[in-house]
Amino acid sequence: MLNLFLLQTLNGLQFGILLFLVAAGLTLIFGIMDLINLAHGVLYMVGAYLAATFTAYTGDFFLGLAIALPVALAFGILLERLIFQRLYERDHLDQVLATFGLILILNEGVKILWGAAPLSVPIPDMLAGSIPLIGNLRYPLFRLVIIGAGLATALGLYLLVHHTRIGMLLRAGASNGPIVSALGVDIKRLFMLVFGLGAMLAALAGALVAPILSVEPGMGDSILILTFVVIVIGGVGSIRGAFVAAILVGLVDTLGRTFGPILLRTLMDPSAASQTGRTLAPMLIYILMAAVLFLRPTGLFPARAAAR
Amino acid sequence: MKAAPARPDAPSGLARLPYAGRPGAATAAGLLFASLALFPLLAHMLGDPFLLVIATRVMIFGLAAMSLDLILGYGALVSFGHAAFIGIGAYAVAILAAHGIDELLIQALVAIAASSLFALATGAISLRTRGVYFIMITLAFGQMAYFFMVSLSAYGGDDGISLAARSTLFGSDVLENDLALFYAVFLCLALAFLGLRAVVASRFGRVLRGTRDNRTRMEAIGFAPFAYQLIAYVIAGGLAGLAGVFLANQAEFVAPAFMSWQRSGELIVMVVLGGMGTLVGPIVGSIAFLLLEDWLARFSEHWRLGLGIVLVLLALFTRGGISGLVARLTGGAPR
């Protein structure tokens with residue numbers, strides 16, 4: 001039981017880290033540009049496809065990743081120039097519509113380019129297998145690497161946002177864009193950079209899960225909704241909030257699916273418990289979100305308490 | 001005089017909407033409903049019974065889109081979970097039918113009650129939030145309903161559930177006839193239109209629009225917008241539930257996909273496509289959307305690509321959807 005708990009906690013952590021990578025980019029775009037980007041999830045999908053393609057092409061996962069990330073960055077910047085740039089000043093409804101359209105375009109585009117069948121990416125030999133943790137508990141090495149890479153990215157992002165000049169401008173832009181712009185900062189270039197960075201983070205998440213999940217059209221849609229849940233729980237615009245909420249959502253979702261039915265079994269008969277557990281488990285995080293918003297309508301760590 | 005202060009909860013595009021529609025709105029509504037009423041005649045003359053099925057579907061989505069527009073167009077509340085209400089209405093039919101209750105009136109009553117209740121509970125929480133948060137929390141509640149149905153294996157789960165037959169009306173199976181179903185939907189759509197028109201024009205509707213345009217001022221002159229918005233949310237949810245009842249009957253099948261977030265997005269598209277803040281607009285929008293879908297699907301299996309491009313272009317380059325476009329082309333004042 002303890003082993004199962006540890007195992008599922010690690011799974012939850014890994015899932016949470018992944019959510020954070022996607023949510024970080026989205027929260028920057030939300031917080032700084034006040035832009036609702038429904039298409040962020042498809043950037044995650046594009047990242048997975050790019051990683052799959054370049055890995056197959058070069059025969060090496062790391063080389064594939066090294067090519068996929070800059071390509072994703074360039075793709076993000078291209079989208080920003082073509083579409084998003086025109087949306088900053090528009091109301092949320094226009095943003096919802098345009099990015100909803102973009103989802104359709106990219107999901108369908110991926111089907112045209114790569115076909116509708118899922119692609120699979122092999123786990124690199126170096127990272128295959130599992131390593132012993134405590135006692136007889138073993139854990140897949142690749143999943144540990146995902147956790148490590150995610151934590152390293154989170155640390156890097158923290159340093160970037162809180163200890164560099166760009167980070168200072170980002171934070172200033174989040175609290176008052178027009179003033180920062182008036183002080184002579186090229187806010188357009190800053191936005192472009194943030195957007196590219198966000199696209200690259202989403203793509204990194206997609207690339208990292210490519211070997212453990214199947215790469216398929218529409219894979220970005222479900223993670224997008226989860227990412228929204230994370231951002232709303234954490235507080236729009238707050239990287240710290242996104243991190244805490246992502247881990248929380250990852251743990252609640254994973255542990256709820258495993259232990260919900262077990263806990264319910266102490267209350268009701270086994271078949272009813274497993275049915276109820278299966279029904280409730282996918283809803284848990286949405287219940288969590290509703291509860292958080294009921295108590296704190298702007299999330300756990302609101303970046304701009306009074307702004308919205 | 002100083003300019004009005006920034007209104008954080010009223011996005012600029014929404015605030016520019018007209019009040020109860022331009023002059024000629026009544027004519028447009030009359031024309032639309034007259035042509036809908038006569039449509040079966042046209043379908044009969046063309047000898048294509050499938051046209052009737054499409055038209056019924058269009059009116060069902062028109063009803064759902066119109067209910068969404070009560071909160072979206074008149075309330076500036078961008079709800080991204082509206083499909084959940086349709087799904088609840090549809091499942092009310094399927095679940096009651098599975099337990100031997102086939103009467104349409106009972107099913108419709110239960111459907112409206114259930115979807116209104118869901119709207120009341122989720123609306124009370126959602127309306128505590130503003131802007132982006134509102135969009136996302138309604139999305140989350142929609143997903144919650146979706147996942148609930150996906151995991152409810154007793155009623156089909158992920159695969160959905162087929163209806164053995166359409167609902168009965170006072171014990172007769174008259175709705176098995178596509179023409180009878182068409183007119184049943186038409187009647188509900190027309191009644192809903194008249195009802196919503198009265199709501200929008202009433203004092204209640206004026207407070208709702210006032211809140212859309214400037215919440216701060218409404219509060220300053222002593223209104224509590226929350227109650228008004230919540231009631232509008234509940235009305236919209238109940239009407240969408242009714243649309244779900246007909247959707248289940250028309251398709252004779254109910255699935256969680258009815259309540260997916262993409263479906264909610266499509267409803268928003270219908271409203272914006274036809275023109276927000278009018279009651280005819282959403283019906284026109286659902287006609288345009290479903291015909292566009294049908295038309296694009298003829299060219300390629302990748303028709304969603306075309307739909308996506310149309311949406312991006314519409315969002316970037318038009319204001320006020322088709323009715324705005326028509327107004328501009330005919331030289332009417334741009335809104």
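So you know, we letter chains A, B, ... as the sequences are listed, proteins then strands, and number each from 1.
With a threshold of 4.5 angstrom between heavy atoms, A:Asn107 does not approach chain B through any atom at all. Neither the backbone nor the side chain of B:Tyr146 comes within contact range of chain A, judged by heavy atoms closer than 4.5 Å. For A:Leu288, no part lies near chain B; criterion is any non-hydrogen pair under 4.5 Å. With a 4.5 Å cut-off on non-hydrogen atoms, B:Gln262 touches chain A through its backbone and its side chain both. Neither the backbone nor the side chain of A:Ile285 comes within contact range of chain B, judged by heavy atoms closer than 4.5 Å. Contact annotation for A:Ile36: only side-chain heavy atoms (C-beta onward) come within less than 4.5 Å of a heavy atom of chain B. In this structure, chain B has no heavy atom under 4.5 Å from any part of A:Leu284. If you measure heavy-atom distances from B:Leu313 to chain A, you find no contacts under 4.5 Å at all. Looking at B:Leu139, the atoms closer than 4.5 Å to chain A (heavy atoms on both sides) all sit in the side chain, from C-beta outward.
By number of non-hydrogen pairs under 4.5 angstrom with chain B, the leading residue of A:Thr99, A:Leu97, A:Ile225 is A:Ile225. Of the listed residues (A:Asp221, A:Ile287, A:Ile83), the one with the most heavy-atom contacts under 4.5 Å to chain B is A:Asp221. Residue with the most contacts toward chain A among B:Phe80, B:Trp303, B:Phe141, B:Phe147: B:Phe147 (heavy-atom pairs, distance under 4.5 Å). Counting heavy-atom pairs closer than 4.5 Å to chain B, the top residue among A:Gly109, A:Pro282, A:Ala281 is A:Pro282.
Under a 3.5 Å cut-off, the side chain of B:Asp69 and the backbone N or O of B:Leu72 do not form any donor-acceptor pair. A donor-acceptor distance shorter than 3.5 angstrom exists from the side chain of A:Gln95 to the backbone of A:Leu87, with no hydrogens or angles considered.
Ionic pairing of B:Asp213 and B:Arg209 is not present here: no N-O contact between side-chain nitrogen and carboxylate oxygen is shorter than 4.0 angstrom.
A side-chain contact (heavy atoms from CB on, under 4.5 Å) with A:Phe84 holds for exactly one of A:Asn37, A:Ile77, A:Ile29; it is A:Asn37. If you run side-chain contact (heavy atoms from CB on, under 4.5 Å) between A:Phe20 and each of A:Leu201, A:Ile239, A:Val244, only A:Ile239 comes through.
Taking 4.5 Å as the limit, every side-chain heavy atom of A:Leu119 sits out of range of all side-chain heavy atoms of A:Glu216.
Taking the six-membered ring wherever Trp is involved, the centroid distance between the rings of A:Phe191 and A:Tyr88 falls below 6.0 Å.
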Exercise for review: Any chance you could lay out the side-chain hydrogen bond (donor to acceptor under 3.5 Å, both in side chains) test for B:His82 and B:Ser67, step after step, and finish with the verdict?
Suggested key: CA-CA 9 Å; B:His82 212 62; B:Ser67 74; 2.9 Å; yes
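Sparse packing is recorded around CZ of A:Phe294, with 12 or fewer heavy atoms of other residues, nucleotides or ligands lying under 6.0 Å away.
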